[in-house]
Amino acid sequence: MSIQNIIETKVKEGFLALYNIEIPTVEFQATRKEFEGDITVVVFPLLRYKKGNPVQIGEDLGKYVVENVPEITNYNVVKGFLNLVVDDSFYTNFFNTIYTDATYGFVSPKADEKAMMVEYSSPNTNKPLHLGHVRNNLLGYSVAEIIKAAGKKVYKTQIINDRGIHICKSMLAWEKFGNGETPESTGLKGDKLVGNYYVKFDQEYKKEIGNLVASGISEEDAKKQAPLILEAQQMLLKWEAGDEKVVALWKKMNAWVYAGFDVTYKSMGVDFDNLYYESNTYLLGKDVVAQGIEKGVFYKKEDGSVWCDLTEDGLDEKIVLRSDGTAVYMTQDIGTAIQRVKDYADVGGMVYTVGNEQDYHFQVLFLILKKLGFDWAKQLHHLSYGMVDLPSGKMKSREGTVVDADDLMVEMTETAKTISEELGKLDGYSDVEKNELYETIGLGALKYFILKVDPKKRILFDPKSSVDFQGNTGPFIQYTYARIQSIIRKADFDYSQPVTIDLHEKEKELLKQLELYPETVQQAAANYSPAIIANYTYDLVKEFNSFYQNVHILGEENLDKKIFRIQLSKKVADTIKSAFLLLGIKVPERM
């Protein structure tokens with residue numbers, strides 16, 4: 001049990017014993033450096049339950065805790081803050097229980113507990129993955145890993161948007177202007193080749209609009225009457241009717257895209273347990289709509305369209321079936337969610353990693369699923385995230401002004417190479433080792449820069465500052481890990497057995513930070529926030545560097561102290577590696 005849990009139990013017990021009042025929670029914070037103590041109980045929130053002088057209440061509780069918790073040796077009260085001193089023995093005993101625990105901070109899933117499904121990526125098959133997809137993938141993958149570490153079984157999935165007018169635009173442009181080009185004949189990744197034709201369609205479509213406007217037609221009418229858009233619409237109708245030639249072209253070009261996506265996902269270090277395709281799921285919700293009408297969840301208008309009235313819930317009316325009987329996105333998402341629970345009977349909730357422009361859509365989706373009576377609908381979460389901005393401005397796929405995910409990862413590796421060469425610390429590395437290191441640093445910088453920010457916030461992405469070896473960056477943390485590995489390699493003595501020492505204040509601070517790791521994993525899972533893990537790791541590294549600068553490790557003359565400091569350093573490194581794995585980031589053994 002953590003010291004915080006021990007103290008919380010006793011503070012609640014003490015409040016009941018002293019004042020005959022039960023309190024639901026106890027608020028803690030780290031003791032400020034200028035005061036004696038290791039953990040602080042904030043007294044002010046307790047005044048809601050017991051009126052009085054916060055200093056006197058703090059004194060009463062401090063006395064009670066010291067008398068009833070052997071691990072607490074002293075206390076002091078500053079205004080409304082009860083500062084408690086934790087005995088060194090608690091931290092050394094705690095350390096000896098975790099030192100050899102390879103899964104420290106993680107919880108194994110319980111056999112009877114429901115699994116979570118995490119959806120992320122969900123690209124269109126008319127273009128390659130771009131910077132926005134990078135944030136989506138990194139967030140979704142990391143949240144899945146964190147939920148798993150917190151003790152739940154997790155399935156990673158995506159729905160691939162492989163149908164619709166945007167897909168037909170790429171197909172039509174390739175058919176008209178492609179001259180039979182293939183990924184093999186051009187040397188291009190399949191997703192890039194198809195993406196080029198999506199851009200080509202837009203260029204040619206704009207020319208046609210310009211010509212029609214020049215002939216006297218309004219721009220609005222020109223957009224509808226341009227031959228290319230009419231042909232694309234016709235192609236979509238043929239696809240929906242199962243036209244052999246159109247379906248064969250669709251399958252061929254999608255296969256190119258999937259091969260390209262696989263390369264990008266591998267480079268990015270993300271994976272999936274299963275895939276759903278919109279071409280298979282877009283009709284799934286229609287039967288559910290029919291059942292929903294019978295239940296009174298949906299109603300039919302005079303034109304035959306079907307709606308859900310959510311006005312009593314503070315929302316609006318939402319269409320779930322058009323008057324011609326065709327499905328809308330909401331229909332598909334309702335059906336897909338239900339299908340996933342049928343496919344995976346142990347799924348008890350889902351996390352959808354989708355940008356914040358879809359906040360309202362998911363609010364409506366979750367509410368409809370609850371109204372349809374699905375218990376698991378209470379465990380649905382929209383992992384809503386802000387856009388990624390660039391110094392150059394907004395990205396547009398149609399105009400080809402997006403930052404390609406593959407190009408970005410190459411650029412990050414090159415930036416890491418340039419900075420590493422300037423620092424000149426790679427003597428004795430082979431070219432292969434150097435290239436592996438540049439990639440580890442570059443991708444680590446990219447991932448950390450994106451994941452250290454709360455998902456809800458927008459990001460202004462600056463590749464160069466993300467590869468800085470100082471400050472709250474991936475490379476700074478990786479460098480600290482590599483430094484610890486260097487120390488451990490030089491330890492030419494047996495440090496496997498536990499020892500008992502009087503703790504240096506810097507050792508104690510480091511142990512306090514290590515003790516927070518399990519709670520941090522749980523907090524990150526509860527908040528669907530990799531930023532909590534990222535910033536915890538930075539705090540741990542800062543604490544280690546302060547320890548490193550203030551105490552001797554290998555130069556310590558007392559053998560027990562030297563053994564303990566190597567053990568402590570190793571556990572810090574293990575925890576950095578563990579936390580970074582949750583973020584999908586590798587750590588280098590040398591740097």
Side-chain angles (χ1 to χ4, degrees), residues 103-107 116-122 129 131-152 154-158 265 268-272 349-356 381-388 405 408-409 412 440-461 466 471-478 480-481 513 516-542 575-587:
T103 59
Y104 173 62
F106 292 8
V107 176
M116 290 291 283
M117 184 171 276
V118 180
E119 175 191 293
Y120 54 95
S121 195
S122 306
L129 303 176
L131 179 55
H133 291 114
V134 171
R135 187 176 197 189
N136 183 301
N137 274 273
L138 297 184
L139 271 174
Y141 175 86
S142 181
V143 163
E145 292 299 309
I146 290 166
I147 293 171
K148 198 188 299 179
K152 282 190 182 289
V154 173
Y155 298 107
K156 303 170 191 168
T157 192
Q158 62 170 320
Y265 290 141
M268 207 183 292
V270 302
D271 58 12
F272 303 91
M350 297 178 216
V351 178
Y352 294 81
T353 312
V354 183
N356 56 15
H381 178 78
H382 175 205
L383 177 50
S384 171
Y385 63 89
M387 296 297 99
V388 183
L408 176 63
M409 288 188 283
M412 293 302 297
T440 297
I441 296 170
L443 289 182
L446 169 65
K447 292 179 179 185
Y448 189 83
F449 192 97
I450 285 174
L451 293 175
K452 74 177 180 181
V453 179
D454 183 282
K456 294 181 183 65
K457 294 181 180 174
R458 288 182 84 109
I459 293 177
L460 180 65
F461 182 67
S466 73
N472 191 6
T473 67
F476 173 66
I477 294 169
Q478 288 172 323
T480 302
Y481 176 87
Q513 188 65 24
L516 295 175
Y517 186 48
E519 177 194 330
T520 302
V521 172
Q522 294 297 325
Q523 190 185 353
N527 290 279
Y528 307 98
S529 177
I532 291 170
I533 297 288
N535 290 295
Y536 164 83
T537 313
Y538 177 55
D539 289 341
L540 178 63
V541 162
K542 281 194 299 182
T575 307
I576 292 169
K577 186 175 186 176
S578 168
F580 260 33
L581 277 174
L582 296 180
L583 304 178
I585 301 175
K586 295 178 183 176
V587 284

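Note that the coordinates shown come from a computational prediction; the quantities given were computed from them, not determined experimentally.
Atom NZ of Lys542 is surrounded by more than 12 heavy atoms from other residues, nucleotides or ligands within 6.0 Å.
Proximity of a side-chain donor or acceptor of Tyr141 to a complementary backbone N or O of Asn136 within less than 3.5 Å is not detected. The main-chain N or O of Ala150 is found under 3.5 Å from a side-chain atom of Gln522 such that the two form a donor-acceptor pair. No donor-acceptor distance shorter than 3.5 angstrom exists from the side chain of Asp454 to the backbone of Ala531, with no hydrogens or angles considered. The main-chain N or O of Phe106 is never found under 3.5 Å from a side-chain atom of Thr103 such that the two would form a donor-acceptor pair. Proximity of a side-chain donor or acceptor of Ser529 to a complementary backbone N or O of Ala525 within less than 3.5 Å is not detected. The backbone N or O of Tyr538 sits nowhere less than 3.5 Å from a side-chain atom of Asn472 that would complete a donor-acceptor pair. The closest donor-acceptor contact from the side chain of Gln478 to the backbone of Lys586 lies under 3.5 Å. The backbone N or O of Leu446 lies less than 3.5 Å from no partner atom in the side chain of Ser466, so there is not a single donor-acceptor pair. Side-chain atoms of His382 come within 3.5 Å of backbone atoms of Val354 as a donor-acceptor pair (strictly under, hydrogens ignored). At least one donor-acceptor pair closer than 3.5 Å links the side chain of Arg135 to the backbone N or O of Gly386.
With ring centers used as reference points, Phe272 lies under 6.0 Å from Tyr265. A distance below 6.0 Å separates the ring centres of Tyr528 and His381.
Shortest non-hydrogen contact noted between Val521 and Ala149 is CG1-CB, 3.9 Å.
If you check the side chains of Asn356 and Tyr385, you find no donor sitting under 3.5 Å from an acceptor. For the residue pair Tyr517 and Ser578, a side-chain donor N or O sits within less than 3.5 Å of a side-chain acceptor on the partner.
Cation-pi check for Lys447 over Phe449 is not met; the charged atom does not lie both under 6.0 angstrom from the ring centroid and within 45 degrees of its normal.
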